[in-house]
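A short write-up of the structure that comes next.
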Amino acid sequence: MPIATVVPASDRSSVPSATTGPILVACDGEPASTEALFTAARVAQRTTSGAVQIIGVCEPTPAIAAGAEVVVAPQEFETLRQETLLDDIRRVVSSSAEGDPRWPVEVVIGAPARTLAAMARDRHAAMLVMGIGRHNPVDRLFGAETTLATVRESSVPVLAVGAHFPSEPTHAVVGMDFGASSLEAARLAMQLVGPRGHLTLVHVRPRFEHPSADWQEWDLEYGRTLPPLFDRMRSTLAPPVTLTFDTSVVRGDPAPSLLAVAQQAHADFVALGTQHHTLMERLLVGSVATKVLRTARIPVLAVPRV
């Protein structure tokens, strides 16, 4: 059962559309990263006009096996945990320079990734803002980071931020495979950097090379297809004339190559489309989004396939 502040009638809205839905911010009540979270939420709000809503999720207290019986935590205990987290979140929202005490705060019990993704979907959220996740070796091995799991579950864009997010982002680097989700990532990134910002579309070509004539011909043909594809992306995005728009093609592994371009360009964040993968693919190969989220030192905007 959710615990929430009472939202004034003037702040309530009808069922949001995909473009005017709320900005959901996942918050754990810790002050360390709240400034970045709230800054990112305000930037996202400027591009969508959606209301900011703060969400806290308490994982259910695990049941304990006691002989032949299973002892389940009493509901009063779960309610106390919700109330404690609610107080913590209200405190950091009120004390944060970028927070707003009028933002509604809600705390629910559930598996964090699945719960956040479901709430974002059900509320037609324009974006979900959350911390970029932990980076210890065990998390990398098993892919158990809440952020990664949320991105895999989410049907709405996820903006994952670290300790900092600029109040006026100006440069975004977008991983481009020319699919629908990468186009949407570019479109949303362009909105976040604004009409006077800088958008760089990056395509990573396969690193594999072979001396055979067949491979050389294929590689040349591959290269010839890229300029028209970039031109089509630009035509579809229709960037304002005041926006700096450029493209880049590099060779290598997609995730590190994309992040290298972003680092060299001093980009404010990197954006990319995400694809769904099977469990075996994630364990053996992983996805570009997974590798980017695990290694990025800057914020990441992950946009699901539309």
Side-chain angles (χ1 to χ4, degrees), residues 36 40 43 130-137 139-141 143 145 147-148 151-152 157-166 168-179 181-190 192-193 197-210 215 219-220 222-223 225-227 229-231 233-234 237 239 243-275 277 281-282 284-304:
V43 171
M130 61 191 306
I132 202 163
R134 303 184 301 275
H135 291 275
N136 66 62
D139 284 333
R140 292 196 192 103
L141 178 62
E145 299 101 319
T147 307
L148 275 173
V151 167
R152 290 169 182 157
V158 176
L159 179 58
V161 303
H164 305 283
F165 192 84
E168 297 290 341
T170 58
H171 190 184
V173 167
V174 185
M176 184 61 53
D177 66 2
F178 306 105
S181 59
S182 63
L183 172 62
E184 192 59 29
R187 192 191 309 277
L188 187 51
M190 185 172 66
L192 290 175
V193 299
H198 185 175
L199 191 71
T200 301
L201 305 187
V202 179
H203 177 73
V204 183
R205 295 184 62 167
R207 183 177 57 180
F208 175 77
E209 295 186 32
H210 193 274
W215 187 91
D219 191 53
L220 287 173
Y222 187 108
T225 66
L226 295 177
L229 287 172
F230 276 124
D231 290 343
M233 289 293 112
R234 178 167 190 153
L237 290 167
L243 181 133
T244 301
F245 184 99
D246 55 27
T247 63
S248 176
V249 178
V250 296
R251 285 189 186 271
D253 293 332
S257 298
L258 179 63
L259 290 174
V261 173
Q263 182 177 4
Q264 293 167 5
H266 303 289
D268 293 309
F269 65 94
V270 61
L272 72 167
T274 63
Q275 305 291 336
H277 291 263
E281 287 173 330
R282 291 200 298 267
L284 298 181
V285 181
S287 69
V288 175
T290 296
K291 294 175 182 177
V292 167
L293 280 162
R294 284 181 174 160
T295 56
R297 297 182 179 275
I298 60 175
V300 177
L301 173 65
V303 180

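Heavy atoms only, all atoms of each residue included: Ala186 and Leu237 are closest at CB-CD1, 3.9 Å. Nearest heavy atoms, Ser248 versus Phe230: O-CZ, 3.9 Å. For Gly273 against Ser181, the heavy-atom pair with the smallest separation is CA-OG, 3.6 Å. In plain terms, the two heavy atoms of Pro304 and Thr274 that are nearest each other are CA-OG1, 3.1 Å. Heavy atoms only, all atoms of each residue included: Ala262 and Val173 are closest at CA-CG2, 3.8 Å. Scanning both residues, Ala185 and Leu272, for their nearest heavy atoms gives CB-C, 3.7 Å.
Sorted pairs that involve residues 259-271 and meet salt bridge (Lys or Arg N to Asp or Glu O under 4.0 Å), not counting sequence neighbours, are lacking altogether.
Going from atom CE of Met233 over to atom CG of Leu183 covers 5.0 Å, rounded to the nearest 0.5 Å. Annotation: the span from Thr295 atom OG1 to Ile132 atom CD1 amounts to 8.5 Å, rounded to 0.5 Å. In this structure, CG in Leu201 is found 9.5 Å from CE in Met190, a value given to the nearest 0.5 Å. Taking CZ of Arg251 as the start and OG of Ser257 as the end, the distance is 11.0 Å to the nearest 0.5 Å. The distance from atom CG of Leu148 to atom OG of Ser287, rounded to the nearest 0.5 Å, is 7.5 Å. The CG atom of Leu259 sits 12.0 Å away from atom NZ of Lys291, with the distance rounded to the nearest 0.5 Å.
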* Give the C-alpha distance, both sets of side-chain angles, the deciding distance and a yes or no for side chain to side chain contact (heavy atoms under 4.5 Å, CB included) between Val193 and Thr170. => CA-CA 5 Å; Val193 299; Thr170 58; 5.6 Å; no
* To do: Please test Arg205 against Val249 for side chain to side chain contact (heavy atoms under 4.5 Å, CB included), starting from the C-alpha separation and ending with a verdict.
  => CA-CA 7 Å; Arg205 295 184 62 167; Val249 178; 3.4 Å; yes
* Run the side chain to side chain contact (heavy atoms under 4.5 Å, CB included) check on Val270 and Val174 step by step: do they pass? -> CA-CA 6 Å; Val270 61; Val174 185; over 6 Å; no
* **side chain to side chain contact (heavy atoms under 4.5 Å, CB included) between Val202 and Thr247, worked out** => CA-CA 6 Å; Val202 179; Thr247 63; over 6 Å; no
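Between Phe269 and Val300, every side-chain heavy-atom pair lies at or beyond the 4.5 Å cut-off. Val158 places none of its side-chain heavy atoms less than 4.5 Å from the side chain of Leu301.
Side chain of Ser182 to main chain of Gly179: a donor-acceptor pair is present (N/O by atom type, distance under 3.5 Å, no hydrogens or angles).
Remark: Phe245 engages no residue in a ring-ring contact (aromatic ring centres under 6.0 Å, His included) (not counting sequence neighbours). In this structure, the ring-ring contact (aromatic ring centres under 6.0 Å, His included) partners of His198, at least two apart in sequence or on a different chain, are His171.
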